[in-house]
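First the structure, in the form of structure tokens, and then the observations on it.
Letters A, B, ... mirror the listed sequences (proteins, then strands); counts begin at 1. Below, each value reflects all heavy atoms present in this structure, side chains not excepted, and no hydrogens, waters or symmetry copies.
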2 protein chains.
Amino acid sequence: MNFIDHIRTFFPISDAAAEELVSKSRLASFSRHSLLHREGDVCNVLWFVEKGIVRWYYIDEDGRDITDWFASENSFVTAFDSFFQRKPSRYFIETLEDCDLYSMTYGDLESSFNRFPEIDRLSRVILLQILEEQLAKNSALQFRKASQRYRFIIEKHPDLLRRVSLGHIASYLGITQETLSRIRARRS
Amino acid sequence: MNFIDHIRTFFPISDAAAEELVSKSRLASFSRHSLLHREGDVCNVLWFVEKGIVRWYYIDEDGRDITDWFASENSFVTAFDSFFQRKPSRYFIETLEDCDLYSMTYGDLESSFNRFPEIDRLSRVILLQILEEQLAKNSALQFRKASQRYRFIIEKHPDLLRRVSLGHIASYLGITQETLSRIRARRS
DNA sequence: TAAATTTTTTGACGAAAATCAAAACGGCCT
DNA sequence: AGGCCGTTTTGATTTTCGTCAAAAAATTTA
């Protein structure tokens with residue numbers, strides 16, 4: 001499934017606009033643990049995960065590596081604090097598995113915006129999806145104890161448990177790796 | 001300052017599009033503790049806070065009232081999980097003070113999207129601002145202890161402390177009111 | 001395959017915060 | 001002023017989780 005097929009599951013894009021996006025994007029492979037984007041840089045690329053999994057993280061004031069988000073098959077990723085606003089990012093993005101990713105540069109996307117207003121609208125829809133997931137994550141974690149946070153992963157993102165190391169998942173949930181390990185032990 | 005002036009601080013909207021937005025919006029007053037939107041409804045209105053403060057909250061599975069967000073002067077508010085996607089919301093929205101709010105319906109906004117692609121783009125920019133604040137809030141709270149969360153409010157939203165009751169702020173920060181009160185006592 | 005590295009688990013302990021309950025405070029009304 | 005309401009503070013106790021440290025398991029590398 002290429003990314004146009006995916007887009008068409010939630011947005012009715014015209015053939016002409018689809019053509020435009022395809023012509024501006026390219027598919028490339030990355031081995032695991034490739035750093036796609038680093039903190040401080042302005043992110044110029046929007047990726048679409050065709051295969052593999054990517055995480056999006058930052059280093060907090062105490063030097064901890066904290067995962068904010070995972071993106072696996074059929075997800076768009078970029079440094080959302082940077083890409084659209086053209087300013088330096090707080091985030092790193094790295095592959096966790098060998099990945100096949102479509103990419104598109106900001107410049108190309110911007111010219112597509114101008115030629116196809118529907119692409120502008122599409123990007124709004126994608127941002128809304130991201131925002132909504134972010135809100136859902138928040139309310140799943142805020143005020144919840146560790147075992148309830150773990151349940152969120154089990155119910156909403158069970159695949160992550162198989163594909164991602166516990167340390168990353170723990171920081172994503174806002175708990176320590178040890179606590180996560182213990183919770184997991186006492187109720188499979 | 002009306003909302004067009006505010007928009008122009010971050011987005012160069014044309015006079016024609018501005019006219020369109022102004023013609024579609026209306027200003028109204030609400031007394032404090034008005035419920036603007038309730039869980040389960042599809043939200044049809046986008047508000048802009050001219051004066052006053054509004055909170056956006058949900059009731060979690062344990063029946064707790066949890067504030068997700070505050071919007072004060074020069075902010076847009078709607079049920080972001082509902083308004084653009086036309087589906088029932090999980091959120092309530094209520095005024096905390098007497099408010100003057102501009103409002104615009106979804107139908108009017110949608111027809112404006114079609115007539116002015118730049119309004120489409122504007123909505124994307126606004127969503128990005130919301131998303132970015134949401135991300136900032138997350139990283140300010142995740143893995144942080146109560147005193148650090150309190151510091152986030154002091155540094156980023158000091159006005160809230162004066163205008164909003166402690167209980168709402170505590171749930172916004174993901175801590176209990178008692179803990180917040182104690183933190184506050186031991187270091188003014 | 002063995003050695004080395006990384007990841008996960010386990011244990012003991014202490015710190016932080018939730019909970020329950022009650023008192024103090026402040027504003028508002030008559 | 002006095003009484004009533006909602007909000008904030010304080011106290012005592014319990015639970016949860018983080019921290020530090022080390023062992024066990026799994027994965028990678030040579």
Side-chain angles (χ1 to χ4, degrees), chain A residues 30-35 52-53 55 57 60-67 70 94-98 139-154 158-188, chain B residues 31-35 53 55 57 60-67 70 94-98 139-154 158-188:
Chain A
F30 296 83
S31 57
R32 65 185 303 212
H33 297 136
S34 303
L35 196 60
I53 191 164
R55 81 180 174 112
Y57 67 101
D60 81 359
E61 291 134 36
D62 305 329
R64 285 179 296 210
D65 166 329
I66 297 182
T67 296
F70 300 99
E94 71 167 5
T95 59
L96 296 177
E97 301 174 351
D98 294 343
S139 54
L141 304 190
Q142 189 158 9
F143 261 117
R144 299 236 165 279
K145 43 194 64 166
S147 61
Q148 297 171 306
R149 296 176 187 218
Y150 178 59
R151 176 156 300 185
F152 169 70
I153 277 279
I154 291 184
D159 51 305
L160 291 180
L161 285 170
R162 278 176 281 105
R163 297 172 75 178
V164 171
S165 74
L166 274 201
H168 294 331
I169 289 177
S171 77
Y172 172 77
L173 293 177
I175 59 183
T176 60
Q177 179 174 316
E178 294 93 325
T179 296
L180 183 53
S181 173
R182 277 184 251 265
I183 283 164
R184 208 192 194 195
R186 59 166 183 273
R187 55 146 105 178
S188 104
Chain B
S31 57
R32 66 187 300 217
H33 296 137
S34 302
L35 196 60
I53 190 163
R55 83 181 174 110
Y57 66 103
D60 81 359
E61 292 134 36
D62 305 329
R64 283 178 297 209
D65 166 329
I66 297 182
T67 296
F70 300 99
E94 71 166 7
T95 59
L96 295 177
E97 301 174 350
D98 294 344
S139 54
L141 304 191
Q142 188 158 9
F143 264 117
R144 299 235 166 278
K145 43 193 64 167
S147 60
Q148 296 171 306
R149 296 176 187 218
Y150 178 59
R151 177 156 299 184
F152 169 71
I153 278 278
I154 291 184
D159 51 306
L160 292 179
L161 285 170
R162 276 176 284 104
R163 297 172 74 178
V164 171
S165 75
L166 274 201
H168 294 330
I169 289 176
S171 77
Y172 172 78
L173 294 177
I175 59 183
T176 60
Q177 179 173 315
E178 294 93 325
T179 297
L180 182 53
S181 173
R182 277 185 251 266
I183 284 163
R184 209 189 192 196
R186 59 166 182 274
R187 54 146 105 179
S188 106

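- Nearest nucleotide to the A/S181 side chain, out of C/dT9, D/dT19, D/dT8: C/dT9.
- Side chain of A/R184 to main chain of A/Y150: no donor-acceptor pair is present (N/O by atom type, distance under 3.5 Å, no hydrogens or angles).
- If you measure from atom CD1 of B/I175 to atom C1' of C/dA18, you get 11 Å, rounded to the nearest angstrom.
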Could you list the donor-acceptor pairs under 3.5 angstrom formed by side chains in residues 172-179 of chain B, with sequence neighbours left out?
from, atom 1, to, atom 2, distance (Å)
B/T176, OG1, B/T179, N, 3.3
B/T176, OG1, B/T179, OG1, 3.0

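- In terms of position along DNA chain C, the nucleotide closest to A/Q177 lies nearer the 5' end than the nucleotide closest to the other residue of the pair A/K145 and A/Q177.
- By the side chain to side chain donor-acceptor pair (under 3.5 Å) test, B/E97 pairs with B/R163, sequence neighbours left out.
- Here A/R32 lies in heavy-atom contact (under 4.0 Å) with sugar-phosphate atoms only.
- Taking only side-chain atoms of A/T176, from C-beta outward, the nucleotide of C/dT19, C/dG11, D/dG18 with the closest atom is D/dG18.
- A donor-acceptor contact shorter than 3.5 Å is absent between the side chain of B/R144 and the backbone of B/R149.
- Nucleotides of DNA chain C nearest to A/T179 and B/R144 differ in position, and the one nearer the 5' end is that of A/T179.
- Atom-to-atom, CZ of B/F143 to C1' of C/dA15 comes out at 16 Å; the value is rounded to the nearest Å.
- Whole-Å rounding puts the A/R182 CZ to C/dA12 P distance at 11 Å.
- Within residues 161-174 of chain A, the residues that place at least one heavy atom under 4.0 Å from DNA chain D are, in residue-number order, A/G174.
- Residue A/Q148 contributes atom CD, which lies 13 Å from atom C1' of D/dT15 at whole-angstrom precision.
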